[in-house]
Amino acid sequence: MNTDKRFVSLKVLENSENLYDRFESAFRSVARTYIECTPIEISNIYFQRSNNQILVIYDYNNLELKYLLELEDGAMGEHAKLPNGEIVDSFMEFWIKWVVEGFFSEELKVEAKHIDITFHDGTVTKKI
């Protein structure tokens with residue numbers, strides 16, 4: 001399978017103690033729990049750091065969709081590959097934004113272009 005390298009950029013708003021290590025640990029935990037169980041295969045996640053930015057860099061495999069086309073004489077399997085860079089980017093941005101909003105909202109900001117997330121806790125709706 002062909003792999004492509006992609007990244008999501010985060011801006012450091014406040015460089016608190018062990019920020020990079022804490023973010024990496026939190027995101028890897030989320031990746032193990034919520035990303036590895038999906039059909040999108042993301043691998044080689046690593047973090048590039050600079051003074052005011054973190055890049056989450058990763059490879060992914062194209063998503064292959066399979067479906068059954070039912071004909072009168074029986075079922076026939078079909079499949080398609082998607083050029084899914086934007087799908088994977090949105091997926092990764094969602095989980096990175098979720099980690100940032102949950103744990104690092106005062107320290108990090110996701111510089112994203114694909115999706116927005118709306119949180120609603122019963123009284124407050126917040127869009128990030």
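Since the model is a prediction, treat every value here as computed from it, not as a measurement.
Hydrophobic clustering of Ile, Leu, Val, Met, Phe, Trp and Tyr side chains at less than 4.5 Å, counting indirect connections, unites Phe7 with Tyr46. Hydrophobic clustering (ILVMFWY, side-chain heavy atoms < 4.5 Å, transitive): Val100 and Trp98 are in one cluster. Put simply, Ile42 and Val30 are part of the same group of oily side chains (I, L, V, M, F, W, Y) that touch within less than 4.5 Å, one to the next.
Distance check: Asn44 CG to Ile57 CD1 gives 11.0 Å after rounding to the nearest 0.5 Å. Here the CZ-CG distance, from Arg49 to Leu10, works out to 12.5 Å after rounding to the nearest 0.5 Å. Rounding to the nearest 0.5 angstrom, the gap separating the CD atom in Glu24 from the CG atom in Asn18 is 12.0 Å. Considering NZ of Lys97 and CE of Met92, their distance stands at 13.5 Å, rounded to 0.5 Å.
The main-chain N or O of Arg22 is never found under 3.5 Å from a side-chain atom of Ser25 such that the two would form a donor-acceptor pair. A distance-only check finds no donor-acceptor pair linking the side chain of Tyr20 to the backbone of Gln48 [under 3.5 Å].
You'll find the side chain of Ile96 stays beyond 4.5 Å of the side chain of Phe104, heavy atoms only. Side-chain atoms of Glu93 and Val56, non-hydrogen and from C-beta on, never get closer than 4.5 Å to each other.
Among all heavy-atom pairs drawn from Glu14 and Leu19, the shortest one is O-CD2, 3.7 Å. The two residues Ile45 and Ala31 have their closest heavy-atom pair at CD1-CB, 4.3 Å. Between Leu13 and Glu106, the closest heavy-atom pair is CB-O, 3.9 Å. Of all heavy-atom pairs between Thr33 and Cys37, the closest is O-SG, 3.8 Å.
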*Intermediate values then yes/no, side chain to side chain contact (heavy atoms under 4.5 Å, CB included), Val99 and Arg28*: CA-CA 10 Å; Val99 169; Arg28 287 194 186 278; over 6 Å; no
*Apply the test side chain to side chain contact (heavy atoms under 4.5 Å, CB included) to residues Phe103 and Leu108: give CA-CA distance (whole Å), side-chain angles for both, the deciding distance (0.1 Å), then the verdict.*
CA-CA 9 Å; Phe103 304 107; Leu108 296 171; over 6 Å; no
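Within a 6.0 Å sphere centred on CZ of Phe47, other residues, nucleotides and ligands contribute more than 12 heavy atoms.
The aromatic rings of Trp95 and Tyr34 sit parallel to each other, their planes meeting at less than 30°, with 60° as the upper class boundary.
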